[in-house]
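Quick caveat: nothing in here was measured; it's all calculated off a predicted structure.
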Amino acid sequence: MTRISIDPITRIEGHLRIDVEVDGGTVQKAWASCTMWRGIETILRGRDPREGWVFAQRFCGVCTTVHAMASVRAVEDALQLEIPPNAQYIRNLILIAHALHDHIVHFYHLSALDWVDITTIPKADPARAASIADGASAWPGNSRRALEAVQNKVKGLIGSGQLGIFSHGYWGHPAMRLSPEMNLILFAHYLEALEFQRKACQVVGILGGKTPHIQNLAVGGVMNAINLNSLATMNMDRLGMLQSLFQELVPFVQQAYFVDACLLAASYPEWFRYGRGVANYLAVPDLPVDAKATQFDLPGGVIMNGNVGSVRPIQNWRDQAIRAAVAEDVTHAWYQGEGPQQPWKGKTDPDYTDFHDDGKYTWVKAPRYDGQPMQVGPLANILVGYASGHALTRKWTDTALNKISSVPGPTVTPQDLQSTMGRYLARAIRSAMLSDLALQHLQLLTANILKGDATTYNPPQFPQNEIIGVGMHEAPRGTLSHWVVIDKRAFSNYQAVVPTTWNASPRDQKGNPGPYESSLLANPVADPVKPLEVLRTVHSFDPCMACACHTLDASGREIAQVKVL
């Protein structure tokens with residue numbers, strides 16, 4: 001039995017340590033440990049609920065937008081406050097653009113190099129690579145000249161003897177087996193993705209005032225002024241700018257990113273057999289299209305035991321089942337407390353010990369749904385949508401599965417998506433869906449403005465008595481919920497149950513591991529010195545440990561020092 005500790009896991013947001021025990025070339029046991037403390041909840045206590053979202057988006061430097069949105073939704077839920085249609089559409093456009101940015105960056109810049117060996121690119125035939133790429137899509141960046149230019153850049157980099165940010169890749173690893181031509185195609189799009197993720201950020205910046213840390217939200221709507229006759233507000237020029245950015249971004253998502261994910265999946269079909277892990281899935285509805293948030297463009301639901309043919313729908317954010325089912329366990333986390341606690345009653349009081357395999361070993365709590373671990377993320381989103389008969393989900397999922405199955409090899413089904421490769425593919429499917437919805441929601445906003453509706457805000461009224469609320473959002477990494485208790489017009493409790501808390505959760509009091517830990521079981525490891533396969537499965541979740549943990553109190557005072565072994 002060989003013990004491998006990977007600390008830190010790189011190409012993620014935040015600090016994550018993964019320990020695995022390997023025997024006979026496969027993982028037998030795993031531990032996921034987040035190595036920093038989350039304390040922003042304590043900073044929010046006693047604060048005015050109208051400003052909570054400004055602080056809450058500081059949970060992370062990457063996922064800022066989603067926490068801001070969940071925070072205002074939590075307060076609006078507590079007040080049962082509707083927001084104007086324009087505010088819904090503007091929020092939706094921000095969330096769509098943010099998600100497209102996030103998914104593009106994850107596939108190309110955070111995880112592609114687990115599969116793509118750039119050191120073979122000098123051996124590629126650009127003409128053959130162009131032929132392969134042209135046969136897969138009509139993306140204009142697939143020309144022989146464009147691919148030759150990329151190949152020459154790589155030759156120059158390798159010839160310099162200094163690989164820079166690519167220095168520490170597991171190049172030549174036996175688990176990497178793409179042809180030099182495929183490596184060239186995917187790396188060419190890696191470079192193009194740097195530009196297109198920027199266009200998505202521009203949309204967020206135009207609507208949100210800046211990014212990261214948007215400035216336009218308010219409890220009750222948004223602060224975007226609408227006046228078609230003013231150059232300083234939302235007008236037709238600005239709407240046209242948004243349309244132009246989406247019209248550039250959407251083809252890259254559908255013709256490059258989506259196709260690349262399918263090509264990668266077809267090249268590594270065995271990875272549909274690894275990484276299943278927890279087969280319970282949770283997704284919440286999102287992209288509301290009415291003021292009351294009763295109709296959504298993305299469905300929500302719960303799937304248990306991997307039964308893709310069955311789903312319990314979550315119709316809206318007022319769903320009582322999810323409110324009653326969610327609890328957090330701290331048995332193996334560095335917090336005080338005993339037994340699962342519903343978030344409204346939860347606490348975030350640190351109780352650090354050393355790393356103990358059978359004791360406490362992480363700063364991440366263990367969220368559970370009716371006592372069961374749940375996997376969240378694009379895979380849950382896609383499986384729930386497919387099981388629900390959601391037309392857009394089925395359209396892009398079937399397109400992806402047909403593309404993969406057209407290549408000689410095993411046929412891939414929706415059931416096979418419950419895997420490491422399935423998570424990568426689901427993220428691309430979700431991106432294609434969102435790209436379809438982007439221009440639709442922009443048209444909804446434009447049409448509503450042209451009808452003469454310029455309202456973007458309904459002022460909140462806070463009672464003196466205690467009220468509770470939950471703000472939900474199907475974020476890029478999965479189901480996000482902020483749970484608030486408001487008393488005397490101030491937060492008396494604030495708890496965030498974030499996607500990475502679900503997925504990176506430790507064992508609970510029953511000994512049940514979380515999704516990261518269980519997905520690594522039976523994972524192959526060809527070389528314990530270069531555990532590339534472990535990284536593939538962990539990266540498939542797109543970890544964001546910063547959302548799970550923070551290290552400051554309200555005054556900025558250091559709480560504790562943690563020495564990572």
Side-chain angles (χ1 to χ4, degrees), residues 95 99 272 275-290 293-327 367-402 412-434 436-437 470 472-481 497-499 501-503 505 512 514-515 518-519 540-541:
L95 292 174
F272 284 108
R276 185 184 192 199
V278 170
N280 304 322
Y281 301 95
L282 170 65
V284 294
D286 216 324
L287 303 184
V289 293
D290 64 333
T294 60
Q295 301 177 47
F296 301 85
D297 266 339
L298 293 179
V302 175
I303 292 174
M304 303 301 291
N305 301 315
N307 185 358
V308 179
S310 176
V311 60
R312 184 191 77 75
I314 297 175
Q315 300 293 355
N316 56 60
W317 298 328
R318 302 293 298 178
D319 185 273
Q320 294 304 307
I322 188 172
R323 292 170 185 243
V326 175
R368 294 296 183 260
Y369 186 96
D370 281 338
Q372 299 297 315
M374 306 294 289
Q375 185 177 155
V376 302
L379 176 57
N381 196 186
I382 295 308
L383 292 178
V384 164
Y386 201 90
S388 302
H390 182 241
L392 196 57
T393 305
R394 292 214 161 191
K395 166 192 166 182
W396 283 106
T397 302
D398 288 341
T399 300
L401 298 181
N402 289 337
V412 179
T413 69
Q415 190 74 23
D416 296 320
L417 294 178
Q418 300 181 72
S419 59
T420 294
M421 187 56 73
R423 280 186 284 274
Y424 287 104
L425 192 62
R427 196 168 271 105
I429 292 168
R430 186 173 190 264
S431 296
M433 291 165 54
L434 291 172
D436 270 355
L437 292 170
V470 184
M472 298 186 188
H473 169 45
E474 190 63 17
R477 290 165 179 83
T479 297
L480 168 66
S481 56
V497 185
V498 310
T501 313
W502 285 102
N503 289 334
S505 76
N512 296 319
S518 61
S519 69
S540 72
F541 289 93

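Checked against a 6.0 Å centroid threshold, the rings of Trp396 and Tyr386 do not count as neighbours.
Between the side chain of Gln375 and the backbone N or O of Asn280, no donor-acceptor pair lies under 3.5 Å. A donor-acceptor pair under 3.5 Å links the side-chain atoms of Asn307 to the main chain of Gly309, judged by distance alone. Judged by distance alone, the side chain of Gln415 and the main-chain N or O of Gly306 form a donor-acceptor pair under 3.5 Å. Counting only distance, with no hydrogens or angles, the side chain of Gln320 and the backbone of Arg318 share a donor-acceptor pair below 3.5 Å. Using modelled atom types, one side-chain atom of Asn402 and one backbone atom of Asp398 make a donor-acceptor pair closer than 3.5 Å.
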**Study point:** Steps toward side chain to side chain contact (heavy atoms under 4.5 Å, CB included) verdict (Trp502, Val326)
**Key:** CA-CA 11 Å; Trp502 285 102; Val326 175; 4.1 Å; yes
Practice item. In sequence, state the C-alpha distance, the side-chain angles, and the governing distance for Met374 and Asn503, and then conclude on side chain to side chain contact (heavy atoms under 4.5 Å, CB included). Key: CA-CA 7 Å; Met374 306 294 289; Asn503 289 334; over 6 Å; no
Practice item. Determine, step by step, whether Leu417 and Leu401 satisfy the side chain to side chain contact (heavy atoms under 4.5 Å, CB included) criterion, reporting the C-alpha distance in whole Å, the side-chain angles of both residues, the deciding distance to 0.1 Å, and the verdict. Key: CA-CA 10 Å; Leu417 294 178; Leu401 298 181; 4.2 Å; yes
Exercise for review: Could you please spell out the steps behind the ring-ring contact (aromatic ring centres under 6.0 Å, His included) verdict for Phe296 and Trp317?
Suggested key: CA-CA 10 Å; Phe296 301 85; Trp317 298 328; 5.2 Å; yes
Practice item. Go through Leu392 and Arg394 one step at a time and tell me if the side chain to side chain contact (heavy atoms under 4.5 Å, CB included) criterion holds. Key: CA-CA 5 Å; Leu392 196 57; Arg394 292 214 161 191; over 6 Å; no
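In this structure, CD in Gln315 is found 10.5 Å from OG1 in Thr294, a value given to the nearest 0.5 Å. Atom CD1 of residue Ile322 and atom OG1 of residue Thr479 lie 6.5 Å apart, to the nearest 0.5 angstrom. Here the NE2-OG distance, from His390 to Ser388, works out to 8.5 Å after rounding to the nearest 0.5 Å. Distance CD/Gln295 to CG/Leu287: 13.5 Å, rounded to 0.5 Å. Here the OG-CG distance, from Ser518 to Asn512, works out to 9.5 Å after rounding to the nearest 0.5 Å. How far OG1 of Thr393 is from CG of Leu383: 10.0 Å, rounded to the nearest 0.5 Å.
Comment: Asp416 does not engage Arg276 in a salt bridge, judged by the lack of any side-chain N to carboxylate O separation of less than 4.0 angstrom.
The closest side-chain heavy-atom distance from Leu298 to Leu437 is below 4.5 Å. A heavy-atom distance below 4.5 Å is not found between the side chains of Ser310 and Ile303.
Screening Glu474, Arg423, Arg427, Arg477 for a side chain to side chain contact (heavy atoms under 4.5 Å, CB included) with Pro378, the sole residue that qualifies is Arg427.
Considering all non-hydrogen atoms of both residues, Gln418 and Ala279 come closest at OE1-CB, 3.8 Å. For Val278 against Gly514, the heavy-atom pair with the smallest separation is CG2-C, 4.0 Å. Taking every heavy atom of both residues into account, Asp319 and Ala321 meet most closely at OD1-N, 3.1 Å. Shortest non-hydrogen contact noted between Asp286 and Leu95 is OD1-CD1, 4.4 Å. Considering all non-hydrogen atoms of both residues, Pro499 and Val376 come closest at O-CG2, 3.6 Å. Summarising the geometry of Pro367 relative to Thr501, their closest heavy-atom pair is CD-O, 3.2 Å, with the distance given to 0.1 Å.
In summary, the side chains of Ser505 and Arg368 do present a donor paired with an acceptor at a separation below 3.5 Å, with no hydrogens or angles considered.
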